[in-house]
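For reference, the structure discussed in these notes is given below.
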Amino acid sequence: NEEMRASISAWLSEDARRGVARWHNISGTPLVWEVDKATYSLSGLATSILMQSTGVSRSLRGGSWWVTEDGRDLVEISRELASPREQLYLGFWTRFAERLANHPALLLRSRPSPLNWLEMRSSLPSSYLAAAFIRDNRIRTELTIDSGDADRNQKTLARLQRSRQAIEAKIGAPVEWIVPTAEHRYAQVAVFNNGSITETERHDEFIAWFIQTTERLSEAVK
């Protein structure tokens, strides 16, 4: 929002180096921050800057926060370099986002991109909704709970599970409850179906399913 952006701008203006990073082709951590010359991921550095400038901890899509000298952000550049499969994802999510205009209860959290998922906002604190294409020709609607702490995520999931029967009845489909593990700290409530991005003739079907299940999952969590 405007207040947070003003705080960020004021913090950056104190040291011009704070808003500058150099790109290096290093997998996972391609940004070298001018302030400390350390390497960061796109989201990691953006999140750190947000925390230092505003005191707010929030997950960010880093590619949207870094722009080149000609004003293009890294998401735009990735679109230009996208493979045929990534182009399918970008086209699908663009259409999906357009259809969401008729569903005001669902608000995007990230812009359409060549990635295999798209995030939406959730009414549950420290969480987000997402639609995704995953392995083995399956699609998934999910609520991801990520407060930054695995134990807290587990407790939130446990509270939801106390209403498990009502939630699953509201969704009207089998639900998978995914608990935090040593490999990942987040918890998830997920609904699955069959489908692949390459099945272009079924894209309208997929969009309808994603919207329907996301609305039901969002309402059930409320």
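Every heavy atom of this structure was used, including side-chain atoms; hydrogens, water molecules and symmetry mates were not.
Judged as a salt bridge (charged side-chain N to carboxylate O under 4.0 Å, His left out), the pairs with a partner in residues 37-47 (not counting sequence neighbours) are, in order, E34-K37. For the ring-ring contact (aromatic ring centres under 6.0 Å, His included) condition, no pair includes a residue of residues 100-129, sequence neighbours left out. Applying the ring-ring contact (aromatic ring centres under 6.0 Å, His included) rule to pairs touching residues 152-184 yields H184-Y186, sequence neighbours excluded.
The hydrophobic clustering, which links ILVMFWY residues whose side-chain heavy atoms are closer than 4.5 Å, places L74 and L118 apart. In the hydrophobic cluster analysis, where Ile, Leu, Val, Met, Phe, Trp and Tyr join through side-chain heavy atoms closer than 4.5 angstrom, V75 is grouped apart from L42. Hydrophobic clustering of Ile, Leu, Val, Met, Phe, Trp and Tyr side chains at less than 4.5 Å, counting indirect connections, keeps M4 apart from M51. Cluster annotation: F92 and L108 are assigned to the same hydrophobic cluster (Ile/Leu/Val/Met/Phe/Trp/Tyr, side-chain heavy-atom contacts under 4.5 Å, transitive). Hydrophobic cluster membership differs between V20 and W23, with clusters built from Ile, Leu, Val, Met, Phe, Trp and Tyr side chains linked at under 4.5 angstrom.
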Open item on the list: Let's go through L157 and Q188 carefully: what are the C-alpha distance in whole Å and the side-chain angles of both, what is the deciding distance for side-chain contact (heavy atoms from CB on, under 4.5 Å) to 0.1 Å, and is it a yes or a no?
Closed with: CA-CA 8 Å; L157 185 68; Q188 287 182 318; over 6 Å; no
- [ ] Carefully, step by step, assess N194 and F192 under the rule side-chain contact (heavy atoms from CB on, under 4.5 Å).
- [x] CA-CA 7 Å; N194 296 320; F192 297 85; over 6 Å; no
- [ ] Output, in order, the C-alpha distance, side-chain angles, deciding distance and verdict of side-chain contact (heavy atoms from CB on, under 4.5 Å) for W65 and I49.
- [x] CA-CA 11 Å; W65 282 69; I49 288 174; over 6 Å; no
Open item on the list: Before you tell me yes or no, could you show the steps for L129 and T141 under side-chain contact (heavy atoms from CB on, under 4.5 Å), namely the whole-Å CA-CA distance, both residues' side-chain angles and the distance that decides it to 0.1 Å?
Closed with: CA-CA 7 Å; L129 296 157; T141 297; 5.7 Å; no
TODO: Please lay out, stage by stage, how S113 and R61 fare under the test side-chain hydrogen bond (donor to acceptor under 3.5 Å, both in side chains).
DONE: CA-CA 11 Å; S113 76; R61 187 168 177 235; 3.0 Å; yes
Open item on the list: Working note: T68 + D70, criterion side-chain hydrogen bond (donor to acceptor under 3.5 Å, both in side chains); need CA distance, chi angles, decisive distance, verdict.
Closed with: CA-CA 5 Å; T68 55; D70 60 0; 2.4 Å; yes
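Smallest separation of non-hydrogen atoms from S43 and L60: OG-O, 2.9 Å. Nearest heavy atom pair, residue F206 against residue E199, reads CZ-OE1, 3.8 Å. Closest of all the heavy-atom pairs between P174 and V191 is O-CG1, 3.8 Å. Across E219 and K170, no two heavy atoms sit closer than the pair CG-CE, 3.5 Å. Across all their heavy atoms, A10 and S13 have their closest contact at O-OG, 2.7 Å.
Distance alone, capped at 3.5 Å, is enough to place a donor-acceptor pair between the S110 side chain and the E119 backbone. A donor-acceptor pair under 3.5 Å links the side-chain atoms of R216 to the main chain of I171, judged by distance alone. In this structure a side-chain-to-backbone donor-acceptor pair under 3.5 Å is present from N153 to R185. With hydrogens and angles disregarded, no donor-acceptor distance shorter than 3.5 Å links the side chain of E205 to the backbone of R202. For T214 (side chain) and I211 (main-chain N/O), no donor-acceptor pair under 3.5 Å exists by modelled atom type.
Annotation for E3: atom CD does not count as buried by contact number, only 12 or fewer foreign heavy atoms lying within 6.0 Å. Within 6.0 Å of CZ in R5 there are 12 or fewer heavy atoms belonging to other residues, nucleotides or ligands. Counting non-hydrogen atoms of neighbouring residues, nucleotides and ligands closer than 6.0 angstrom, the CD atom of E80 exceeds 12 such neighbours. By the neighbour-count criterion of 12 heavy atoms within 6.0 Å, atom CZ of R58 is sparsely surrounded, having that number or fewer from other residues, nucleotides or ligands. Counted within 6.0 Å of CD on E2, heavy atoms from surrounding residues, nucleotides or ligands total 12 or fewer; the atom is thus considered open.
Distance CG/D149 to OG1/T156: 9.5 Å, rounded to 0.5 Å. A distance of 11.5 Å separates CD1 of I197 from CD of Q87, quoted to the nearest 0.5 Å. Between I178 atom CD1 and T144 atom OG1 the span is 8.0 Å, to the nearest 0.5 Å. Taking OG1 from T213 and CG from N193, the interatomic distance works out to 8.5 Å, rounded to the nearest 0.5 Å. The CZ atom of R152 sits 4.5 Å away from the OG atom of S147 when rounded to the nearest 0.5 Å. Here CE of M120 is found 10.5 Å from CG of L143. Values are rounded to the nearest 0.5 Å.
No side-chain heavy atom of Q52 sits less than 4.5 Å from a side-chain heavy atom of V35.
Among residues two or more places apart in sequence or in another chain, the side chain to side chain donor-acceptor pair (under 3.5 Å) test is passed with S122 by S127.
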Side-chain donor-acceptor pairs of residues 133-140 under 3.5 Å, sequence neighbours excluded:
unit_1 : atom_1 : unit_2 : atom_2 : d
R140   : NE     : E142   : OE1    : 2.5
R140   : NH2    : E142   : OE1    : 2.9

For a quick test of your reading: what N or O donor-acceptor pairs under 3.5 Å do the side chains of residues 93-102 make, sequence neighbours left out?
unit_1 : atom_1 : unit_2 : atom_2 : d
W93    : NE1    : L115   : O      : 3.0
T94    : OG1    : L90    : O      : 2.7
R95    : NH2    : D204   : OD1    : 2.2

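A donor and an acceptor atom, one from each side chain of T198 and S196, are located under 3.5 Å apart.
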